[in-house]
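The structure appears right after this line, and notes come after that.
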Amino acid sequence: MIFWRRIKMVEKYEESRLYQLRHSAAHVMAQAVLEKFPEGKVAIGPPVEDGFYYDFDLPRPLTPEDLEEIEARMREIIKANEPFIYEEVSADQAREIFEDQPYKLELIDGLEEGGVDEHGNPVDEKPVISIYKSDTFVDLCRGPHLEHTGQINPKAIKLMSVAGAYWRGDEHNPMLQRIYGTAWLSPQDLKQYLQFLEDAKKRDHRKLGRELDLYSISDAVGSGLVLWHPKGAMIRYLSERFWEDEHLQNGYDLVYTPHIGKADLWKTSGHLDFYAENMYSPIEIENQQYFLKPMNCPFHIEIYKSDIRSYRDLPLRYAEMGTVYRYERSGVLHGLMRVRGFTQDDAHHFCTPGQMPEEIDFVLSFSLNFLRSFGFNEISAYLSTRPEKAVGDPERWQAAEAALEASLKRAELPYEVDQGGGAFYGPKIDLKIKDALGREWQLSTIQFDFNNPERFDMSYIEEDGQPHQPYMVHRALLGSMERFFGILIEHYAGAFPLWLAPVQAVIIPIADRHVDFARAVMADLKAAGLRVKLDQRSDRMNAKIRDAEKQKVPFMLVVGDREMENSQVDVRRRSGERLGALPVADFKALALKDVAEKLVG
RNA sequence: GCCGAUGUAGCUCAAUGGUAGAGCAAUCGCCUUGUAAGUGAUAGGUUAUGGGUUCGAUUCCCAUCAUCGGCUCCA
């Protein structure tokens, strides 16, 4: 379950030697698997981001021992320096070669018809049918490959896991067994990659969430329903207060809306027609059906519609931490990243066509500033444009896309255009941030909606005295508080910046006689608004420091005889850095300054 | 939802067809400590839940639930 992407160093991966290497490794693996299971059927085996996979239809499930055996056999094949031999064939010749391979036969049909490559991906031209032979293995394949298997470094490959995958990615098709492997140019690269995986594992928000007592998910409550513990709740509280302040200072109005709404509302919005499978079953009372809200939009629209709007009232910006419930299939739930009840930092903008470009400019720069406040400085964007099937006035689409692109250019943001990738109801910008490990996560979305204004018959009165349809923009900066929290945990590896740290400092008295002084220091710091705890267990100072360190508390304040005498605290950062003994007032000033500046680290 | 794996103390893990143990954490003492683990004792488990096989199940079988790795889908 990958919610993030690694940034590729190679500009054109498909043309790189690494790509060839991985593709070749996939063939070697397929050969090893077929030797072990001669009756096995092969599907496809392409390189992927950090390695490669191959899908098989095999008589029995593979075990970890099988993988070891296959990997060992791969090394033998590599050692044999088997050449990869390219050959172009006709469709009929190909059918003969792969007569026992039904999946390949299906691919050959596709190739012959044209329009798709040997992996079933759409291509412009009708591809040439080609095969690659190496040793005993023949594959329907466009290549390119290495010259021979010996160019694969046997110490730079590793089979990672086996998993189920649907033939051609369609859940109505049979499920195949997919073996994931990784392959690198050198053993050092492999080692580095495995190290990366381990680092990522250490940061896993599910692990840190428990260790730092941030949140839990209880069987008794239900899957995908998050319980925010006091420390996690503090981080959310601080994030939300900041969020509210920023919105109020930037022309938003805060609104609150209920968690359920009548069936008719969801009928009007189209959710019951197009989104029903993700909605919880209705609650019935007094002959009315109510649904838990999967989105906030209809409520904000109803607020808009509660009065007649003039062009003078626009733009209107309604913002809400809106908690929604979506039924997610059991297999997709994942810690905080994918849950069934979550709070979106939602907002809807309503404006006139004339205001629209400026409104987009505003929302983009507002988003960027906001993300930077949380320590995300590397941001890039996706611009998704009109798909073939779309609702709304084409002129409006064009204007909206132009405004989105112009804003991206003004913001000097790197972006990619996903032609036709927009939703049927409007174009959008998605913002991606890069975390401390270089992983990319999609957070913000700024999305036009040409559907709802129509469905809800929204209007404002223009200068001409006539009703006009407003532009509606939906946006979320953090996405959902749950997912954002998960990303934040992993980005900081649990070591939150001072302004977000649930406990900012732990006071560590050396002996019992220092506890009274420690209490006085704590009261002083708390009065200044700092979140401070006193560790008065009868453990040794070293043990208390170790615990505070493990809890990633930003400051440890040691107080002993010397400090007590001089009204000082001995300040240690969680990094291990010693700031030495400081007067309590100096520490207070230092900490408050860091908080105010939202310093990271 | 699908494929595969897993489910034993708060956490990380052992063990067994004859009703379970360790380390850490917790609790209670002793020690009163100078920048990542002082020390002793105590307590803690219907072995996920429900069935079945068996003289006997935590262990074997089935179902359910949950979690993990993927697929599909997504904030």
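Here is the naming used below: chain letters follow the sequence lines, and residue numbers restart at 1 for every chain.
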Q. Which nucleotide in the list B:C74, B:G1, B:G38 gets nearest to the side chain of A:Arg326?
A. B:C74
Q: Indicate, with a heavy-atom threshold strictly under 4.0 Å, whether A:His334 touches base, sugar-phosphate, or nothing.
A: sugar-phosphate
Q. Is there a side-chain polar atom (N or O) of A:Arg206 under 4.0 Å from OP1 or OP2 of B:C68?
A. yes
Q) Has the side chain of A:Tyr327 got a donor or acceptor atom sitting under 3.5 Å from an opposite partner on the base of B:G1? A) no
Q: Please state how far atom CG in A:Leu225 lies from atom P in B:C65, giving the value in whole angstrom units.
A: 16 Å
Q: Pick base, sugar-phosphate or nothing for A:Val324, based on heavy-atom distances below 4.0 Å to the nucleic acid.
A: nothing
Q) Taking atom C1' of B:A25 as reference, at what distance in whole Å does atom CZ of A:Arg537 sit? A) 10 Å
Q) Of the nucleotides B:C11, B:C2, B:U32, which has the atom closest to the A:Arg513 side chain? A) B:U32
**Q.** Salt bridge flag under 4.0 Å for residues A:Arg572 and A:Glu577
**A.** no
Q: Kindly say if A:Arg340 contacts the phosphate of B:A75, meaning a side-chain N or O under 4.0 Å from OP1 or OP2.
A: no
Q: Decide whether A:Arg519 and A:Gln536 meet the rule of one side-chain donor and one side-chain acceptor closer than 3.5 Å.
A: yes
Q. Hey, which of these two, A:Pro61 or A:Tyr180, hits RNA chain B nearer its 5' end, going by closest nucleotide?
A. A:Pro61
**Q.** Atom-pair distance (CG on A:Leu336; C1' on B:A75), nearest Å
**A.** 12 Å
**Q.** Side-chain ion pair, A:Glu277 and A:Arg329, N-O less than 4.0 Å
**A.** no
Q: Give the rounded distance in Å between these two atoms: CZ of A:Arg329 and C1' of B:G1.
A: 4 Å
(Q) Does a side-chain N or O of A:Arg578 approach OP1 or OP2 of B:G34 to a distance below 4.0 Å, or not? (A) no
Q.
When you measure from the side-chain N and O atoms of A:Tyr53 to the phosphate of B:C71, is any distance below 4.0 Å, counting only OP1 and OP2?
A. no
Q: Compute both the distance and the angle, then confirm whether A:Lys293 meets the cation-pi test with A:Phe299: under 6.0 Å from the six-membered ring centre, within 45 degrees of the axis.
A: yes
**Q.** Whole-Å gap separating P (B:A75) and CD1 (A:Ile433)
**A.** 16 Å
Q) When you check the phosphate oxygens OP1 and OP2 of B:A37, does a side-chain N or O of A:Asn542 lie under 4.0 Å from one of them? A) yes
Q. Which of these nucleotides, B:A36, B:G1, B:U33, is closest to any side-chain atom of A:Ser330?
A. B:G1
Q.
Using 30° and 60° as the class boundaries, would you call the ring planes of A:Phe242 and A:Phe374 parallel, tilted or perpendicular?
A. perpendicular
Q. A:Asp170 near the nucleic acid: base, sugar-phosphate alone, or nothing, with a heavy-atom cut-off under 4.0 Å?
A. nothing
Q: Name the closest nucleotide to the A:Met541 side chain, picking from B:U33, B:U72, B:U32.
A: B:U33
Q | Of the listed nucleotides B:U32, B:U67, B:U33, the one nearest the side chain of A:Ser223 | A | B:U67
**Q.** Rounded interatomic separation in angstrom, taking CG from A:Asp535 and C1' from B:U32
**A.** 14 Å
Q | Of residues 381-390 of chain A, the positions that come close to RNA chain B - non-hydrogen atoms, cut-off under 4.0 Å | A | none
Q.
Under 4.0 Å, heavy atoms only, any strand: does A:Ser538 hit a base, just the sugar-phosphate, or nothing?
A. base
Q. Per the atom types in the model, does the base of B:G1 pair as donor or acceptor with the side chain of A:Glu328 at under 3.5 Å?
A. no
Q: Take atom P in B:A20 and the same atom in B:A9, then report the distance between them in whole Å.
A: 15 Å
(Q) Rounded to whole Å, please give me the gap between CZ in A:Arg338 and C1' in B:C71. (A) 12 Å
Q) Honestly, is A:Arg22 close enough over A:Trp184, meaning NZ or CZ under 6.0 Å from the six-membered ring centre and within 45° of the axis? A) yes
Q) Quick one: are the ring centres of A:Phe56 and A:Tyr54 less than 6.0 Å apart? A) yes
Q.
Between the base of B:C74 and the side chain of A:Arg483, is there a donor and acceptor pair under 3.5 angstrom?
A. yes
Q | Touch class at under 4.0 angstrom, heavy-atom based, for A:Gly331 against every strand present | A | base
Q) Given B:A66, B:A26, B:A75, which nucleotide is nearest the side-chain atoms of A:Asp219? A) B:A66
(Q) Among B:A36, B:C74, B:C71, which nucleotide has an atom closest to any side-chain atom of A:Arg572? (A) B:A36
Q: Compute the centroid of each ring, for A:His205 and then for A:Phe485, and state whether the two points are separated by less than 6.0 Å.
A: no
Q. Is it true that A:Asp66 and A:Arg60 make a salt bridge, defined as a side-chain N closer than 4.0 Å to a carboxylate O?
A. yes
Q) Nearest to the side chain of A:Asp570 - B:C2, B:G34, B:A75? A) B:G34
Q.
If you assign A:Gly479 and A:Gln177 each to the RNA chain B nucleotide with the nearest heavy atom, which residue ends up on the more 5' nucleotide?
A. A:Gln177
Q: Pick base, sugar-phosphate or nothing for A:Ala543, based on heavy-atom distances below 4.0 Å to the nucleic acid.
A: sugar-phosphate
Q) Atom CG of A:Asp204 and atom P of B:U67: how far apart are they, to the nearest Å? A) 14 Å
Q) Do the ring planes of A:Trp266 and A:His271 sit parallel (below 30°), tilted (30 to 60°) or perpendicular (above 60°)? A) perpendicular
Q) With a 4.0 Å cut-off on heavy atoms, is A:Glu563 in touch with a base, just the backbone sugar-phosphate, or nothing at all? A) base
